[in-house]
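Worksheet for the structure shown next.
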There are 2 protein chains.
Amino acid sequence: MGRAGRTGGVTMHDVAARAGVSIKTVSNVLNEYPYIRPATRERVEQAIAELGYQVNLSARNLRRGSTGIIGLALPELRLPYFAELADSVIGAAEREGLTVLIEQTGAERTRELAVLTSAQRQLTDGLLYSPLALDLADLTSLRLDFPMVLLGERIFGADADHVTMANVDAARAATEHLLARGRRRVATVGAHPGEASGSAVLRLQGYREALEAAGLPFEPALVAEAWFWNRAAGAAAMDRLLDSGVGVDAVFAMNDALALGVLHALHRRGVAVPEQVAVIGFDDIEEAQYSAPTLSSISPGRDQIAQTAVRLLRERIDRGDAAGPPRTVVAEFTVVARESTATS
Amino acid sequence: MGRAGRTGGVTMHDVAARAGVSIKTVSNVLNEYPYIRPATRERVEQAIAELGYQVNLSARNLRRGSTGIIGLALPELRLPYFAELADSVIGAAEREGLTVLIEQTGAERTRELAVLTSAQRQLTDGLLYSPLALDLADLTSLRLDFPMVLLGERIFGADADHVTMANVDAARAATEHLLARGRRRVATVGAHPGEASGSAVLRLQGYREALEAAGLPFEPALVAEAWFWNRAAGAAAMDRLLDSGVGVDAVFAMNDALALGVLHALHRRGVAVPEQVAVIGFDDIEEAQYSAPTLSSISPGRDQIAQTAVRLLRERIDRGDAAGPPRTVVAEFTVVARESTATS
DNA sequence: CTCAGATCGTACATCGTTGTATAGCGAGCG
DNA sequence: CGCTCGCTATACAACGATGTACGATCTGAG
């Protein structure tokens with residue numbers, strides 16, 4: 001095994017010897033202990049510079065009992081939404097002096113559970129957790145004793161902080177955005193029939209509410225299921241909708257990847273967007289600005305979510321109370337109108 | 001500060017006490033030391049299960065002098081190519097029993113340098129490093145003493161292992177793909193004029209070679225510069241090309257993000273792809289399969305690159321020779337033809 | 001001039017694990 | 001029957017940093 005803590009293997013002892021002080025004084029300099037004579041500090045700092053010394057983080061972590069690392073568990077970086085979320089989280093964590101360790105769960109139940117109990121977890125002061133397959137029951141049965149902040153809409157009511165968004169409202173706003181443009185045959189793509197919780201359920205509800213408010217009937221034939229929210233599933237779902245012969249003049253896709261798949265299917269079949277079918281997505285990933293046509297979407301305020309989540313987690317870590325009453329923060333969303341729902 | 005190593009704070013001592021053995025025996029069980037009586041092993045394992053014990057990784061890391069973590073330094077997860085690369089690397093590392101710590105450099109020189117010397121580095125057994133801004137000189141002047149594997153085409157000839165691809169050949173193949181379809185006014189997008197090394201230089205060279213081999217002149221007016229290889233820059237570059245009035249019937253974009261920007265600009269201006277302008281990209285990100293039209297591209301074999309890079313790094317770590325002669329692996333590429341370069 | 005209180009620095013124990021050295025014990029062999 | 005050897009388990013000392021407790025100095029007031 002390679003030696004970590006390399007940097008030439010210089011330890012505090014070496015620095016102390018060179019500066020003519022005890023190792024604790026070196027430690028004190030590094031930790032900004034106030035009572036050090038400027039001259040002493042000077043000498044120590046010089047010795048540190050000359051030797052190129054760096055603290056051994058493993059030793060510090062062991063002694064301190066914390067690592068300055070937080071975990072981020074998400075399904076797959078391959079999915080643009082999560083890549084962008086990870087990007088934002090890493091940025092936010094950096095600003096707080098924290099490092100992020102990403103763990104991919106592949107949205108598989110067993111791996112989502114494994115993240116919570118793995119030895120890895122143990123190298124980390126807390127966890128930002130974005131499950132897609134777990135239930136509330138899974139979580140409560142585990143009696144977790146580390147700081148955790150939940151992300152997303154899969155689990156509500158758990159005994160942990162939660163950063164989420166107004167899913168129902170946002171889905172309703174997206175659907176209303178289509179209705180306001182005169183569309184009356186609005187389909188939705190991404191439903192998870194039979195599921196009791198999660199984004200799909202909430203967004204479907206928002207969709208229904210919008211229809212209802214507009215006095216339109218809810219037609220099951222206009223609801224296309226798609227278990228994986230990726231481009232391929234979106235395209236397949238749109239194909240099914242078109243093949244079914246049910247009339248469609250607009251689509252609310254439950255995320256942007258699905259929406260891009262929908263656009264793809266429509267394009268392949270020569271259906272004009274937005275003239276024949278308008279499309280709106282959800283997440284406002286960067287790609288939405290560059291698709292053809294550009295994709296209208298719901299912007300969840302990703303940076304705000306990341307920043308809030310990191311802040312909540314850090315507070316819990318600093319306060320040292322993994323328990324404590326759970327807090328929920330609902331992030332703001334905005335509807336971003338682009339070509340795929342243009343009027344004219 | 002929160003206590004890591006939580007898991008109830010159970011230590012080997014507790015397990016040892018419960019099993020009626022010494023702590024070293026517990027350690028031996030955990031580390032698969034061969035000489036343990038089955039009955040003893042049994043008791044220890046039971047005690048571990050009952051107490052829910054997990055090794056304290058900080059302590060283990062300190063004692064072992066290695067962490068089982070490798071760093072992955074890349075520009076931004078926001079860029080789909082790097083998100084997909086990170087995904088592949090995490091997967092490959094997992095299969096090798098390693099964990100990945102991602103660090104974002106934003107392609108900024110100072111941050112790329114910081115990664116090499118930061119205390120963070122120190123928590124890691126080795127580094128997969130994908131610089132965009134650094135020079136070979138920067139790297140050699142640092143005299144790094146940890147295992148490192150370079151990714152990408154920015155730096156060649158450094159004293160470290162390197163996984164790269166046949167950039168010139170691949171760019172040439174991409175251009176020839178366009179020429180083979182009868183295009184004669186082939187532009188390229190993404191050039192970095194004045195730069196001496198890096199992907200842009202190599203890919204431009206491949207482009208030139210293809211033109212030359214086809215007996216076509218190299219026209220500077222057909223070379224569009226784009227420093228950042230993202231969608232916005234691709235769109236802007238395409239706009240400049242169209243505005244310039246120089247005739248264009250095909251575009252070789254130096255990566256897919258640029259190509260998607262190019263498609264976007266063409267769509268916005270009503271130019272038909274591939275009828276009027278054919279477009280090919282580079283990287284074969286997932287999005288290329290779902291754009292409208294779908295995007296032809298060069299597939300660099302991302303999984304193979306990730307797997308090879310992790311393997312090389314792991315070998316270095318295991319052998320403990322950070323120095324040792326540098327090895328270079330050139331990954332295979334393939335041309336993936338899709339709608340954006342279809343004939344008819 | 002003495003002594004309390006503020007500054008500055010040090011010795012030692014400790015975080016939880018693993019490497020090294022070694023002790024006990026039985027079996028096999030001459 | 002005694003000795004060697006292979007297995008099993010242990011005690012002890014690290015790994016490199018930091019918290020605690022306590023000396024050593026210096027200052028200024030009485």
Side-chain angles (χ1 to χ4, degrees), chain A residues 1-45 47-48 51-68 119 122-123 125 320, chain B residues 1-45 47-48 51-68 119 122-123 125 320:
Chain A
M1 272 294 167
R3 284 180 36 91
R6 202 161 316 254
T7 75
V10 186
T11 79
M12 273 193 179
H13 278 97
D14 305 320
V15 175
R18 177 153 197 137
V21 296
S22 76
I23 62 165
K24 188 66 221 285
T25 298
V26 178
S27 170
N28 284 340
V29 169
L30 258 44
N31 293 283
E32 305 187 18
Y33 180 74
Y35 300 132
I36 308 176
R37 225 176 328 216
T40 312
R41 177 189 303 276
E42 182 81 14
R43 260 185 309 145
V44 171
E45 276 167 352
I48 289 176
L51 296 173
Y53 167 78
Q54 284 187 278
V55 288
N56 179 319
L57 289 183
S58 292
R60 169 179 283 180
N61 292 345
L62 170 59
R63 184 61 238 222
R64 293 231 249 245
S66 74
T67 60
Q122 213 254 112
L123 197 52
D125 293 341
Chain B
M1 270 296 166
R3 283 183 37 96
R6 200 163 315 254
T7 73
V10 185
T11 78
M12 273 193 180
H13 276 98
D14 305 320
V15 175
R18 177 155 199 134
V21 296
S22 76
I23 63 166
K24 189 65 223 284
T25 299
V26 178
S27 170
N28 285 339
V29 169
L30 257 44
N31 292 284
E32 304 189 18
Y33 179 74
Y35 300 131
I36 307 174
R37 221 176 331 219
T40 312
R41 178 189 303 277
E42 181 81 13
R43 259 184 309 143
V44 170
E45 275 167 353
I48 288 176
L51 296 174
Y53 167 79
Q54 284 187 278
V55 288
N56 179 317
L57 289 182
S58 291
R60 168 179 283 180
N61 292 346
L62 170 59
R63 181 63 238 217
R64 292 230 250 242
S66 73
T67 60
Q122 213 253 118
L123 198 53
D125 294 340

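Heavy-atom basis, side chains included; hydrogens, waters and symmetry copies ignored. Throughout, protein chains are lettered first and strands after them, A, B, ... in sequence-line order, and every chain is numbered starting at 1.
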Which pairs would a plain distance check flag for residues 29-36 of chain A, meaning a side-chain donor or acceptor within less than 3.5 Å of a matching protein atom at least two apart in sequence or in another chain?
residue : atom : partner : partner atom : Å
A:Asn31 : OD1  : A:Arg64 : NH1          : 3.2
A:Asn31 : ND2  : A:Ser27 : O            : 2.7
A:Asn31 : ND2  : A:Ser27 : OG           : 3.4

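In this entry the distance linking CZ of B:Arg41 with C1' of D:dC7 reads 13 Å, nearest Å. Distance, B:Ile23 CD1 to C:dT18 C1': 9 Å, rounded to whole Å. Regarding A:Asn28, its CG atom lies at a distance of 20 Å from the P atom of D:dG16, rounded to whole Å. The distance from atom CG of A:Asp14 to atom C1' of D:dG16 is 11 Å, rounded to the nearest whole Å. In this structure, A:Leu62 atom CG and D:dA14 atom P are separated by 17 Å, rounded to whole Å. Between B:His13 atom NE2 and D:dC12 atom P there is a gap of 12 Å when expressed in whole angstrom units. To the nearest angstrom, C1' of C:dT18 lies 13 Å from CG of B:Asn56. Summarising the geometry, the separation between CG on B:Leu30 and P on C:dT17 is reported as 9 Å, rounded to the nearest angstrom.
Closest approach to the A:Tyr35 side chain among D:dG16, C:dA11, C:dT7 is made by C:dT7 (side chain taken as heavy atoms from C-beta onward). Listed nucleotides C:dT18, D:dT18, D:dA17 differ in distance to A:Ala59; the shortest reach to its side chain belongs to D:dA17. Which of C:dT17, D:dT10, C:dC8 sits closest to the side chain of B:Thr25 comes down to D:dT10. Closest to the side chain of A:Ile36, from the set C:dG9, C:dT17, D:dA17, is C:dG9. Listed nucleotides: D:dG19, C:dG16, C:dC8. Nearest to the side chain of B:Thr11: C:dG16.
Within 4.0 Å (heavy atoms only), B:Ser27 reaches at least one base atom of the nucleic acid. Note on B:Val55: only backbone sugar-phosphate atoms sit closer than 4.0 angstrom, heavy atoms only; bases stay farther off.
In the interface, the side chain of B:Arg60 is not paired with the base of C:dT17 through any donor and acceptor atom under 3.5 Å apart.
At the phosphate of C:dT18, OP1 or OP2 sits under 4.0 Å from a side-chain N or O atom of B:Asn31.
No donor-acceptor distance shorter than 3.5 angstrom exists from the side chain of A:Ser66 to the backbone of A:Asp125, with no hydrogens or angles considered.
Five base pairs at each end of the helix from C:dC1-D:dG30 to C:dG30-D:dC1 define two local axes, and these are offset by 60° (rounded to 10°).
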Contact string for nucleotides 20-26 of chain D, one letter per nucleotide 5' to 3', B = base within protein heavy-atom range under 4.0 Å, S = sugar-phosphate only, - = neither, reads B------
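Mapping A:Pro34 and A:Arg63 onto DNA chain C by nearest heavy atom places A:Pro34 at the nucleotide closer to the 5' end.
Contact annotation: the side chain of B:Leu123 approaches that of A:Asn61 to within less than 4.5 Å [non-hydrogen atoms, C-beta and beyond].
Of all non-hydrogen atoms in B:Asn56 and A:Gln122, the two that sit nearest each other are CA-NE2, 3.5 Å.
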Subject >> Worked check of side-chain contact (heavy atoms from CB on, under 4.5 Å) between A:Arg18 and A:Val15 >> reply: CA-CA 5 Å; A:Arg18 177 153 197 137; A:Val15 175; 5.8 Å; no
